[in-house]
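First the structure, in the form of structure tokens, and then the observations on it.
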Amino acid sequence: MKLFNTNTRSIEEITPLHDNTIGFYACGPTVYATPQIGNWVAYIRWDALARTLRQSFDLNWYINITDVGHLVSDADDGEDKLEKGARREGLTAWEVAETYTKEFVDGLDALNISIDRSHLVKATDNIDEQIQLITALEQKGYTYIIKDGVYFDSTKFADYGKMARLDIAGLQAGARVDVGEKKHSTDFALWKFTPKGQRRDMEWDSPWGTGFPGWHIECSAMAMKYLGETLDIHAGGIDHIPVHHTNEIAQSEAATGKPFAKTWVHSNFMLVDGQKISKSLQNGFTLADLAKKGFDALDLRMLVLQSHFQTESNFTWEVLAAARTRRKELQAAADQRYQLHTSATYENIDFADVGRQIQAVLDNNLNTPQALALVSSLVNDIEKHGVSQTQAAEFSELLQLLDDLLGFNVLTSEDITGEQQSIIQEREAARNAKDWATSDKLRDTLQTEGIGLNDTARGTVWYRL
RNA sequence: GGCACCUUGGCGGAGUGGUUACGCAGAGGUCUGCAAAACCUUUUACACCGGUUCAAUUCCGGUAGGUGCCUCCA
């Protein structure tokens, strides 16, 4: 497949570094609060990427759980988000991490995100690896120690900020960066010391003193531990480009002397009502907020996949409702696998070809909107022509492919019950007898059971409301 | 202030140097016991101004407006 590589700003063919395996690392959540829709966007997109990659390669996908060390400011001062969250909620940092890690995993389940749950790796389970990486950097002379921690000297890494195209001089001229004791504004903490006389919920011994790892080091340490020194693909939000990914590249490549990742992909932001998601606007809706309004998490999945990952997208409740309708139409088409017709009157759809087309557009820089356009055209054709019994196998194969690639779980819906089948037949009999009262009453009965009916030329077709 | 991006029909959102994207929503009609579906029609989509070209929404330049990052964030 082809993918836009932020590092080169061009679309490139993905070819595995080793055998046929793609090592894929996506930056994960800091588990200190309930994830909101903006957070989910990236994981939904990376899931689509993963599903597409699996069609061609063996995929080895990891996401980190940042359960320590993410400071409230990239300036390396300020508090650890976990410790702050803990104080806010009267819990320990460990309890906060556990609570929100569970929420994250529950969300992955609801959104049908296909990462192996054992590949969700925690920063706190990999402290030794982080210390080892810092040690390697220290031995190569990239670090220095000041009062509050061990820092990476960004000026010793020649290509610092290359991917982000940072204008270091411009950054340093800006008055907004408070350098503090750091030697340069772009230097960053590798290890932070627990302040004298304090105790943190989360702290570890290290060669430099008791403390905790910086935010950036965990990603490098875990990515390289699980996937090797050079990753095939590293993903994250576009906001990570200038600081987090810039620092990951610097510390990883300084330590190994090898490229950290071959391909970098970045997910653009989703706005809400055209504005950025922020606490003050209270527009950071959670999956629970969606559920309260009667939406399924998969409706959000549809909304997100309707736009391309590199473009800025927009969330409104109206758009979410449109996405829900679109998803239900897809489900209704899939449910016709239980209602195959025997008539030769209707045109056969070339399901295999549709599948190939969908794969092709996804292989072309993960064009999910075009894939969904093809799906919708297919849905229209199915509504029009139905699916013939002679095509049962091809149709099932295509539905399986759609579930594999897009993850809407269309194959999980069950056939209607025998009782419901009988009601449909009774209604047919009533209609033939022109007993409209009975006919309508039976239709209402099914409606209360969540089944809608269409009386098509092929006969009555049911769908789930 | 520095850097980058965007501007497509009521909303969302692809794509293309000359052909209906697609979805949702609205209006009228055909059909139907009704409903739904289907079908037909409909509201002359590509910010504006120039340029290149036989031809630009699609390439180039400018103008206007918007957004993002630089500061927690996907």
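Predicted model only: the values in this text are computed from it and were never measured. Lettering follows sequence order; numbering is per chain, from 1.
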Regarding the side chain of A/Arg326, the nearest nucleotide among B/G23, B/A14, B/A74 is B/G23

Mapping A/Phe309 and A/Ala321 to their closest nucleotides on RNA chain B, which lands nearer the 5' end?
A/Phe309

Rounded to whole Å, the CG-P distance (A/Asn365 to B/G15) equals 9 Å

With both distances under 3.5 Å as the test, what is the Watson-Crick or G-U wobble partner of B/C69?
B/G2

So what's B/G12 paired with, Watson-Crick or G-U wobble, going by both distances under 3.5 Å?
B/C22

Just checking A/Lys434: base, sugar-phosphate only, or nothing, at a heavy-atom cut-off of under 4.0 Å?
nothing

Using a heavy-atom cut-off of 4.0 Å across all strands, would you classify A/Ala42 as base, sugar-phosphate, or nothing?
sugar-phosphate

Taking the P atom in each of B/C46 and B/U19, what is the distance between them to the nearest angstrom?
14 Å

Pairwise P distance, B/G13 and B/U8 [rounded to whole Å]:
9 Å

Quick one about A/Thr417 and A/Gln420 (side-chain donor to acceptor, distance below 3.5 Å, no hydrogens or angles considered), yes or no?
yes

Are A/Gln36 and A/Asp289 close enough that a side-chain donor and a side-chain acceptor fall under 3.5 Å?
no

Exercise: do A/Gln251 and A/Ser220 side chains pair donor with acceptor under 3.5 Å:
yes

What is the nucleic acid contact for A/Ile277, judged by heavy atoms within less than 4.0 Å: base, sugar-phosphate only, or nothing?
base

Given the C1' atoms of B/A47 and B/U7, what is the spacing between them in whole Å?
6 Å

Assess the pair A/Trp191 and A/Phe152: is the distance between their ring centroids shorter than 6.0 Å?
no

If we take the P atom in both B/U58 and B/G9, what is their distance in whole Å?
15 Å

How close or far is atom C1' of B/C24 from atom NZ of A/Lys328, stated in whole angstroms?
15 Å

What's the closest nucleotide to the side chain of A/Thr325 if the choices are B/C24, B/G15, B/C69?
B/C24

Between the base of B/C69 and the side chain of A/Asn268, is there a donor-acceptor distance below 3.5 Å?
no

Considering only B/A36, B/A21, B/G23, which nucleotide approaches the side chain of A/Ala373 most closely?
B/A21

Donor-acceptor side-chain pairing of A/Arg458 and A/Gln339 below 3.5 angstrom:
no

Side-chain N or O of A/Lys384 closer than 4.0 Å to phosphate OP1/OP2 of B/C39
yes

What's the gap between B/A4 and B/C49 when it is taken at their P atoms, as a whole Å value?
27 Å

Those residues of residues 438-447 of chain A lying under 4.0 Å from RNA chain B by at least one heavy atom
A/Ser439, A/Asp440, A/Arg443

What nucleic acid atoms does A/His266 come within less than 4.0 Å of, heavy atoms only: base, sugar-phosphate, or nothing?
nothing

Would you say a side-chain N or O of A/Asn367 is under 4.0 Å from OP1 or OP2 of B/A14?
no

Taking the six-membered ring of A/Phe212 as reference, does the NZ or CZ atom of A/Arg200 fall below 6.0 Å from its centre and within a 45° cone about the axis?
yes

Nearest of B/G12, B/A74, B/G68 to any side-chain atom of A/Ile238?
B/G68

Gap between atoms CD and P, on A/Gln306 and B/C11 respectively (whole Å):
16 Å

Just to be sure I understand the rule, does A/Thr30 reach a base, reach only the sugar-phosphate, or reach nothing, if contact means heavy atoms closer than 4.0 Å?
nothing

Could you tell me how far B/G23 sits from B/A56 if I compare only their P atoms? Round to whole Å.
29 Å

Checking A/Tyr160 against A/Asp153: is there a side-chain donor and acceptor pair closer than 3.5 Å?
no

Using a heavy-atom cut-off of 4.0 Å across all strands, would you classify A/Met302 as base, sugar-phosphate, or nothing?
nothing

What is the distance, rounded to the nearest whole Å, between atom CE of A/Met270 and atom P of B/U67?
17 Å

Side chain of A/Asp455 (C-beta onward), nearest among B/C34, B/U67, B/A74
B/C34

Counting side-chain heavy atoms from C-beta on, which of B/A37, B/C24, B/A74 comes nearest to A/Ser267?
B/A74

Roughly how many Å is it from CD1 in A/Ile382 to P in B/A37, rounded to a whole number?
17 Å

Quick check for you: among B/G12, B/C22, B/C24, whose closest atom lies nearest to any side-chain atom of A/Ser377?
B/C22

So what does A/Leu453 touch, heavy atoms closer than 4.0 Å: a base, only the sugar-phosphate, or nothing?
base

Most 5' of A/Lys276 and A/Asn380 on RNA chain B, judged by nearest nucleotide
A/Asn380

Which whole number of Å gives the distance between the P atom of B/A36 and that of B/G68?
42 Å

Out of B/C70, B/A74, B/G68, whichever nucleotide has its closest atom nearest the side chain of A/Pro242
B/C70

Is it true that the side chains of A/Asn268 and A/Thr311 contain a donor and an acceptor less than 3.5 Å apart?
no

Is it the case that the ring center of A/Trp215 lies less than 6.0 angstrom away from the ring center of A/His244?
yes

Residue A/Gln36, side-chain atoms from C-beta onward, closest of B/G13, B/A74, B/A35:
B/A74

Looking at B/G33, B/C22, B/A36, which one has an atom nearest to any side-chain atom of A/Tyr463?
B/A36

Whole-Å distance between B/A74 C1' and A/Asp47 CG?
15 Å

For nucleotides B/U52 and B/C59, find the distance between their C1' atoms and express it as a whole number of Å.
8 Å

Across all strands, who's sitting opposite B/A35 as a Watson-Crick or G-U wobble pair, both distances under 3.5 Å?
none

Measure centre to centre between the rings of A/Tyr62 and A/Tyr25, then say whether the value is under 6.0 Å.
no

If a pair satisfies ring pair (Phe, Tyr, Trp, His ring centres under 6.0 Å) and one of its residues is in residues 422-451 of chain A, list it, with sequence neighbours excluded.
none

Has A/Asn39 got a side-chain N or O lying under 4.0 Å from the OP1 or OP2 atom of B/A74?
yes

Answer with base, sugar-phosphate or nothing: what part of the nucleic acid does A/Arg324 contact at a heavy-atom distance below 4.0 Å?
nothing

If we call it a pair only when both distances are under 3.5 Å in a Watson-Crick or G-U wobble match, what pairs with B/U7?
B/A64

